[in-house]
2 protein chains.
Amino acid sequence: MAERAQYEELARQLSAIGAVKRELSRILPHDCPAGSAAVLTLLGRHGDMRMGKLAELLAVDMSVTSRHVAHVADRGWIERLPDPADRRSRILRLTDAGHARLDELSRSSSQLFADRLSDWTDHEVGLLSHLMGRLRESFGDCRATQRPPCPVEAEAVHATEPTTTRTPA
Amino acid sequence: MAERAQYEELARQLSAIGAVKRELSRILPHDCPAGSAAVLTLLGRHGDMRMGKLAELLAVDMSVTSRHVAHVADRGWIERLPDPADRRSRILRLTDAGHARLDELSRSSSQLFADRLSDWTDHEVGLLSHLMGRLRESFGDCRATQRPPCPVEAEAVHATEPTTTRTPA
DNA sequence: TATTGTTATACTCTATAACTATA
DNA sequence: TATAGTTATAGAGTATAACAATA
């Protein structure tokens, strides 16, 4: 349990983090907005899946998912295969073009992070990801972080970053 | 410097954090969307300021700021005073009604955080805020975190959370 | 001529609700 | 009757560009 001032500060950070997201989206190709990139990323990471599953992973309504999926399907980056087990649903799968596109996206965004986060350590990056995942989890977004190995908050922190760590801002 | 997989994970978390923001915005009054709440919060925290300064703090374009400000001004939550030093600009100030509104917002959002983050420690909340602020800072959002005392990443972590800390997810 | 702020326009992302087709 | 997915519609947030008033 934390105090009110801390919650207010967290709310403020959440409100302002959009600036970072917009910065990231600025490097995306014009025919691949953030929603499309997210679809490709999740299919690349988790493999073939149905719409409902993808909607869960995206943490948005299925209707929204449907639109994003239509967008990437129109561009040939994924295919929607029939599901033999349930003819109402469709199996989503990255095409070769989709894999290629995803690889480009991944490279360019990683490059941007590498530029901007050059003074961050491995561990700090992992810690932030981990805490953000936990935040989503705490807010009911169950699919938040299942795979990520979890960067071990406590020990690792001061073990790897004894010097860089206390940068206040 | 971190590796590509870590950057991808961070990108994923940034992409999905919107679900938490939407959850927070769901408890806002119908006449006070997130943009308005942000204006009130920043004026409450930093005191009177001009449009340009507010736009910086919000980390959005001045045109966007102008719209949010018009919204809250229309509802009597802030007043736009003439700036004696420069007649082009206006000084923004919370009214009594604005302070009251802000207090309600702060209480309800803190309540939500207290509910959802009941198993988070003070330090973890502070650490997440701190890292998010640093992320914004690294992405060129200079106004990211000036005031926040900085929860001292390293030592404090394992000092206060030796047990709760390793929750993987 | 440069700057502060406003307004018009357009785009993205989102949710709700109505609808189709299966189960 | 319930579920998987699509589509129509509406609302919030954002940016760019054109514009007004003042420096």
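Every chain is numbered from 1, with letters handed out A, B, ... down the list of sequences. Since the structure is predicted, the reported quantities are computational estimates derived from the model, not experimental observations.
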Checklist entry - Can Ser15(B) and Arg12(B) be counted as having a side-chain donor-acceptor contact under 3.5 angstrom? => result yes

Item to check | Selection from dT4(C), dG13(D), dT6(D) that lies nearest to any side-chain heavy atom of Ser66(A) | outcome: dT6(D)

Checklist entry - Any idea which of dT4(C), dA15(D), dG13(D) is nearest the Arg50(B) side chain? => result dT4(C)

Checklist entry - Where the side chain of Arg90(A) is concerned, which of dT22(C), dT6(D), dT14(C) is the nearest nucleotide? => result dT6(D)

Checklist entry - Looking for any heavy atom pair under 4.0 Å, which part of the strands does Arg67(A) touch: base, sugar-phosphate only, or nothing? => result base

Checklist outcome for this item: Taking dT14(D), dA4(D), dA15(C) as options, the one with an atom nearest any side-chain atom of Val60(A) is dA15(C)

Next on the checklist: Under a plain distance cut-off of 3.5 Å, with no hydrogens placed, do Ser138(A) and Trp120(B) share a side-chain donor-acceptor pair?
Outcome noted: yes

Next on the checklist: Are the side chains of Leu92(B) and Val39(B) in contact, using a 4.5 Å heavy-atom criterion?
Outcome noted: no

Next on the checklist: Need to verify one output field. Residue with the more 5' nearest nucleotide on DNA chain D, Thr65(A) or Arg26(A)?
Outcome noted: Thr65(A)

Item to check | Interatomic spacing from NE2 in His130(B) to CG in Leu131(A) - rounded to 0.5 Å | outcome: 11.5 Å

Next on the checklist: Quick check on DNA chain C: between Val64(B) and Met62(A), whose nearest nucleotide comes earlier from the 5' end?
Outcome noted: Val64(B)

Checklist entry - Within the modelled atom types, does a donor on one side and an acceptor on the other bring the side chain of Arg88(A) and the base of dT3(D) under 3.5 Å apart? => result yes

Next on the checklist: Measuring to OP1 and OP2 of dT4(C), would you say a side-chain N or O of Arg87(B) lies under 4.0 angstrom away?
Outcome noted: no

Checklist entry - Under the 3.5 Å rule, do the base of dT16(D) and the side chain of Ser63(B) count as making a donor-acceptor pair? => result yes

Item to check | Integer-rounded Å distance: dA12(D) C1' and Glu23(B) CD | outcome: 17 Å

Checklist entry - Looking at the side chain of Met51(A), which of dA23(D), dT14(C), dT6(D) is the nearest nucleotide? => result dT6(D)

Checklist entry - What nucleic acid atoms does Ala34(B) come within less than 4.0 Å of, heavy atoms only: base, sugar-phosphate, or nothing? => result sugar-phosphate

Item to check | Candidates dT6(C), dT4(C), dT14(C) - which lies nearest the side chain of Asp86(B) | outcome: dT4(C)

